[in-house]
Amino acid sequence: MSRILITSALPYINGVKHLGNMVGSMLPADVYARFQRARGHEVLCICATDEHGTPAELAALEAGQDVATYCAEQHQIQKDIGVRFGFSWDYFGRSSSPENRELTQHFCEKLDEAGLIEERVDEQVYSVDDGRFLPDRYIVGTCPKCGYENARGDQCENCTSVLDPVDLIDARSAISGGVNLEVRASRHLYLLQSKMVDRLRAWIDSKTDWPVLVTSIARKWLDEGLHDRCITRDLDWGIPVSRPGFENKVFYVWFDAPIEYIGATREWADEAPGSRDWKSWWYGEAAQDVRYVQFMGKDNVPFHSIGFPTTLLGSGEPWKVVDYIKGFNWLTYYGGKFSTSQKRGVFMDQALEILPADYWRYYLMANAPEGSDASFTWEHFAGTINKDLADVLGNFVNRTLRFTKSKFGEAVPDGGMPGAAEANLIKELDARLEAYTQHFERMEFRKAVAELRAIWASGNEYLTVAEPWAKFKQDRDAAAIGVRTGINLIRLFALLSQPVIPTISGKMLEALGVSGDDAAWPTGPAAALLEALKPGHPFTVPDVLVQKIEDAQVAEWTARFGGA
RNA sequence: GGCGAAGUAGCUCAGCUGGUUAGAGCACCGGAAUCAUAAUCCGGGUGUCGGCGGUUCAAGUCCGCCCUUCGCUACCA
């Protein structure tokens, strides 16, 4: 048994996330956490809301709330939705916690001691009408290169030129529209990432098993020359900078957000200080045996492969640095971006309104954007759910248990001996069990789910050969071995499916009267697994496990959420 | 513009360090079966592996150029 620390990119506080956000972070992190727990490892799965920054302030403003209240509410909403999706977090924290405040300030002090912090004076745009400094993107105006009238201060969406806000013609605040903009000088702290380049490169070079997606993004940043990064902001909402002359400033959200992985672990420990030791997961000798895995979409990779490691390594203290980064591409909606503003795509709360969590979990993991971007369409989604979950798995459970009940009653029957059909099944299962487990170990989710589906299908193939319904007419015992094997297959399928579809899996185990305590990860030999439930073991026939999706529903949802 | 990823059967995707007749699932066609959510099982693919050229005994798999799509380009998180 080993210890595995799992974190997923923190969902930003300003509203419920869409499926495209979830599929690359929280969902695979949960699937992996469930898998490793079943394998018998000690897992700590941590997530939190990322609550600082200008967008949070503006969202609160729009909601007519003060930002602290807004964040508290949104945190609870996101937490509830996550729980309803089956996310088995050990702790879901908040980057605005006192624990994170202390840690963030601590890291800044340590980085300073290590000579990696420098004060510099910046000139930034200040909006008199809004009473605040504005990030580049919140200044709009006419693009000096193409004349587009709504170009943002960081980049023109029309001609894609990279801009500086002071170059905009007729610049105005994107928030208030106010034109009273001034360039004001402001003192800030810079993290001297440039001094860490060699160390970071050596570290990245040592990660030969990481996805190409991740290392290529990290190398790109190193190759282009790491800029020093400003880690403070002129905002009210955030972690205060404890330093003379910085009384009205807070840390940049991207500085404190990753630190919240540690902060949330402390929050978790602070709930039960007698029995939980946060430091043993993160610091020094005690954390030597921890394997730390992060999950995120590709947009987050630079901050996790460069930014956060700079903080940890640069501190000069023995903090645990990530061992493996699992990065994902985008999930697209009919080939285009999921978009809040254009009302394209499905958000987590909406998804749960229309179908159970397991449907989404299964589809999204089966089609995870691992090798490249992947496309979500309602037609593909419905087809996958109906075929894989309802027909191949759900119907297998139903046909097996109903037939057994009608001929033998509601208990595993005795009689009969394994023969050629069982031998073939066992041979196939032994191979597939190994492959399935390996795919999960390597975090190859698409392949894992494809293997899982093949394992379910092997049950149907077996029944076709065993044909207990035909044998029963002449030879009761020959039929008995068939259904006994079938019922044990249901147990096996439930145990194997649990990381992906925990609710359905739970219903299968419940029907068989198997407690969660016996739900350890099944390892071969398959022959023994198929004799786990002995003759006489009672069962019940559950309701239909997976309801099919109708064409009419596909049409309705396509219209509601924006289709092709 | 620069950089990165990718373009493989109707659809969604596998194909590691180059090597027998390029694979899977879905869809489609045919057959079997009838325990089951009309659910299952078996069989069926003449695909210019984006295009052109090159290296090699041998290239989807390496090199160059071109076309297309998507992303990043660092104070939006």
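Keep in mind it's a predicted model, so treat the numbers as computed, not measured.
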Separation between the C1' atoms of B:rC16 and B:rA32, rounded to whole Å: 39 Å
Sugar-phosphate, base or nothing in reach of A:Tyr363, heavy atoms under 4.0 Å: nothing
A:Trp456 vs A:Ala374, nearer the 5' end of RNA chain B by closest nucleotide: A:Ala374
For B:rG4, the Watson-Crick or wobble counterpart (both distances under 3.5 Å): B:rC70
Sugar-phosphate, base or nothing in reach of A:Leu463, heavy atoms under 4.0 Å: nothing
Opposite nucleotide pairing with B:rC75, Watson-Crick or G-U, both atom distances under 3.5 Å: none
Distance-only donor-acceptor test (3.5 Å): side chain A:Tyr462, base B:rC41: no
Polar side-chain atom of A:Glu260 near backbone of A:Arg94 as donor-acceptor pair, under 3.5 Å: yes
B:rG30: pairing nucleotide in any strand, Watson-Crick or G-U under 3.5 angstrom: B:rC42
Touch class at under 4.0 angstrom, heavy-atom based, for A:Asp388 against every strand present: nothing
Nearest-angstrom distance, P atom, B:rU56 to B:rG15: 29 Å
Sugar-phosphate, base or nothing in reach of A:Trp330, heavy atoms under 4.0 Å: sugar-phosphate
Touch class at under 4.0 angstrom, heavy-atom based, for A:Gly394 against every strand present: base
Contact under 4.0 Å: A:Arg453 side-chain N or O vs B:rC26 OP1/OP2: yes
Whole-Å C1' distance, B:rU61 and B:rU17: 10 Å
Touch class at under 4.0 angstrom, heavy-atom based, for A:Val544 against every strand present: base
Check: A:Trp237/A:Ser96 side-chain N/O donor and acceptor closer than 3.5 Å: no
Rounded distance in Å between the P positions of B:rU48 and B:rG2: 32 Å
Distance-only donor-acceptor test, A:Arg152 side-chain atoms vs B:rC76 base atoms, 3.5 Å: no
side-chain N/O A:Lys548 vs B:rA39 OP1/OP2, d < 4.0 Å: yes
Rounded P spacing from B:rG54 to B:rA14 in Å: 31 Å
Sugar-phosphate, base or nothing in reach of A:Phe472, heavy atoms under 4.0 Å: nothing
Touch class at under 4.0 angstrom, heavy-atom based, for A:Val546 against every strand present: base
Sugar-phosphate, base or nothing in reach of A:His227, heavy atoms under 4.0 Å: base
Listed nucleotide nearest any side-chain atom of A:Ala457, set B:rU12, B:rC41, B:rA77: B:rC41
Rounded distance in Å - CD (A:Gln547) to P (B:rA39): 13 Å
Touch class at under 4.0 angstrom, heavy-atom based, for A:Arg233 against every strand present: base
Pairwise P distance for B:rU21 and B:rU46, with rounding to whole Å: 15 Å
Side-chain N,O (A:Asn398) to OP1/OP2 (B:rU37) below 4.0 Å: yes
Sugar-phosphate, base or nothing in reach of A:Thr377, heavy atoms under 4.0 Å: nothing
Any donor-acceptor pair under 3.5 Å from A:Asp136 side chain to A:Pro165 backbone: no
Presence of salt bridge, A:Asp228 and A:Lys195, under 4.0 angstrom: no
Distance in angstrom units between A:Glu370 CD and B:rA14 P, rounded: 8 Å
Residue A:Ala390, side-chain heavy atoms: nucleotide from B:rA39, B:rA74, B:rU37 that is nearest: B:rU37
Strand partner of B:rC11, provided both Watson-Crick or wobble distances fall under 3.5 Å: B:rG25
Ring centres under 6.0 angstrom apart (A:Phe472, A:Phe408): yes
Side-chain donor/acceptor of A:Asp391 to base of B:rA39, under 3.5 Å: no
Side-chain donor or acceptor of A:Glu370 paired with backbone N/O of A:Arg446 under 3.5 Å: yes
Any A:Lys387 side-chain nitrogen or oxygen under 4.0 Å from OP1 or OP2 of B:rA39: no
Touch class at under 4.0 angstrom, heavy-atom based, for A:Ile306 against every strand present: nothing
A:Ser375 to A:Thr332 - nearest heavy-atom pair and separation: CA-OG1, 3.3 Å
Aromatic stack A:Trp469/B:rC35: centroid gap under 5.5 Å, interplanar angle under 30°: yes
For B:rC57, the Watson-Crick or wobble counterpart (both distances under 3.5 Å): B:rG19
Gap in Å between the two P atoms, one belonging to B:rA59 and one to B:rG51, rounded: 15 Å
Rounded P spacing from B:rA24 to B:rG71 in Å: 33 Å
Side-chain (A:Arg229) to main-chain (A:Leu191) donor-acceptor, under 3.5 angstrom: no
Sugar-phosphate only, base, or nothing, as touched by A:Lys407 at under 4.0 Å among non-hydrogen atoms: nothing
